[in-house]
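Notes follow once the structure below has been shown.
Order of listing sets the numbers, starting from 1, for every ligand and every atom in it. These values consider heavy atoms only, across backbone and side chains, with no hydrogens, waters or symmetry-generated copies.
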Amino acid sequence: VEAADLLRGQPVMAGPLPEFDVADTPDSPGELFLEWLARAVQEKVTEPQVVNLSTADDRGRPSSRVVILRDVDAPRAGWLFASHSGSRKGGELAGNPWAAMLLYWTEQARQIRVRGRVEASAPEVSARDFLSRPEPARLASLTGRQSAPLAGTEEFETARAHARDVLESHPEAVPSDYTVYTLWADEVEFWQGEAERRHVRLRYQRGEDGWSKGMLWP
Ligand SMILES: Cc1cc2nc3c(=O)[nH]c(=O)nc-3n(C[C@H](O)[C@H](O)[C@H](O)COP(=O)(O)O)c2cc1C
C-alpha cells in the first residue's frame, strides 16, 4: 500500500461544524477556552482533555508527547498538567521553560494553541494532586522512572510489584518527582476549521496591561 493513497482518501473537517463569531468573544483567552471546553463536553467530543505538549531542549530541538489537561486557571490563563520531573519533558522544562500545548477537537475542527512558560508547582501542591488520583494512576506513577531506558518487561514487572507493596503499606506515598506544571500562556490561538477552508483564527496576546486579540489570515 502507498501511504499517500491511504492518507489522501481520508475526509477532514467533515461537518456539521460550529460557528465561531469572533465579534462575540470575551477579553481573555481563559474565558473563551472555558466556553469552548463546555461546548466540546456538551457535544461529546472524544477525549477533549487529551492534549499535545511540546518542549524543547537547551539547543532548541523540540519534542512532543500527549498529556492529560488536569485543570485550567482561566483568570490567570494557566493550563495545568502533571508529569514526572525526571522524565524527558521534565528535564527539558528544567533547562528551557518555554513550551507549547495543542488541542485538536476533530468532531468540531477546533484547534487551540497555547504558548508560554511552564512553572512547576510547590511539592505540597503536587502531592495533594497526586493523592486525589485514582489508584491505578497512582500505581503507574509510583512504578517510576518515566522515560528512563527499560531493560525489559521483567524489570518493569518487578518495579510494579514493588510499587504495589509500597501503595499497600503507605497509601499516602507520593513519588518524589511527581509534579503539577502550569503553562502560563502568553499567546493563545483559537482556530475554527471550515470545510471550504474559510477557517477563522483569533489570537490573544498577553501585554503589559492585559490581553489583546486579533484575527489572523487562515
Ligand atoms: C492519552 C494519553 C494520556 C497521557 N497522559 C499523560 C500525562 O498526563 N502525564 C504524563 O507524564 N504522560 C502522559 N502520557 C504519556 C506521555 O505521552 C509520554 O509517553 C510520557 O509522558 C513520556 O514523555 P517524555 O519521555 O517526553 O517525558 C499520556 C499518554 C497518552 C496516550
Straight-line distance of S132 OG to R138 CZ, nearest 0.5 Å: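 Rounded to the nearest 0.5 Å, the OG-CZ separation comes out at 9.0 Å.
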Kindly give the heavy-atom pair with the smallest separation between V67 and F81, and that separation in Å.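 In terms of heavy atoms, the two residues are closest at CG2-CB, 4.0 Å.
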Looking at every heavy atom in both R206 and W184, which two are closest together, and how far apart are they?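 Taking R206 first and W184 second, the nearest heavy atoms are NH2-C, 4.5 Å.
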Given [options], which one has a non-hydrogen atom that is nearest to [atom]?
atom	options	value
atom 12 (N) of ligand 1	H84, E47, R70, Q146	Q146
atom 6 (C) of ligand 1	L69, N52, L93, V67	V67
atom 22 (C) of ligand 1	R88, K89, R65	K89

Would you say atom 17 (O) of ligand 1 touches the protein, meaning some protein heavy atom is under 4.0 Å from it?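 So far as the 4.0 Å threshold goes, atom 17 (O) of ligand 1 is in reach of a protein heavy atom.
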Provide the number and element of each atom of ligand 1 under 4.0 Å from a heavy atom of [X].
X	answer
S83	10 (C), 11 (O)
I68	3 (C), 5 (N), 6 (C), 7 (C), 8 (O)
S87	27 (O)

Report yes or no: do K89 and T55 form a side-chain donor-acceptor pair below 3.5 Å?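 No, because no side-chain N or O of K89 sits under 3.5 Å from a partner of the opposite role on T55.
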T179 side chain to H84 side chain, donor-acceptor N/O pair below 3.5 angstrom: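 No, no side-chain donor-acceptor pair sits under 3.5 Å.
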One residue to check: S63. Relative to ligand 1, which of side chain, backbone, both or neither has a non-hydrogen atom less than 4.0 Å away?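 For S63, no heavy atom sits under 4.0 Å from ligand 1.
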Can you find an N/O atom of G90 closer than 3.5 Å to an N/O atom of ligand 1?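 Not met; the criterion fails.
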Show the numbers, then the answer: is there a side-chain contact (heavy atoms from CB on, under 4.5 Å) between Y181 and S126? CA-CA 8 Å; Y181 291 98; S126 297; over 6 Å; no
Shortest protein contact, [atom] (heavy atom only):
atom	value
atom 24 (P) of ligand 1	S147 OG, 3.3 Å
atom 9 (N) of ligand 1	A82 O, 2.9 Å
atom 31 (C) of ligand 1	V66 CG1, 4.0 Å

Six-ring centre of W191, R110 cation under 6.0 angstrom, axis tolerance 45°: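 No, cation not above the ring by the 6.0 Å, 45° rule.
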Side chain of D73, backbone of A77: donor and acceptor closer than 3.5 Å?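 Side chain of D73 to backbone of A77, a donor-acceptor pair under 3.5 Å: no, none is there.
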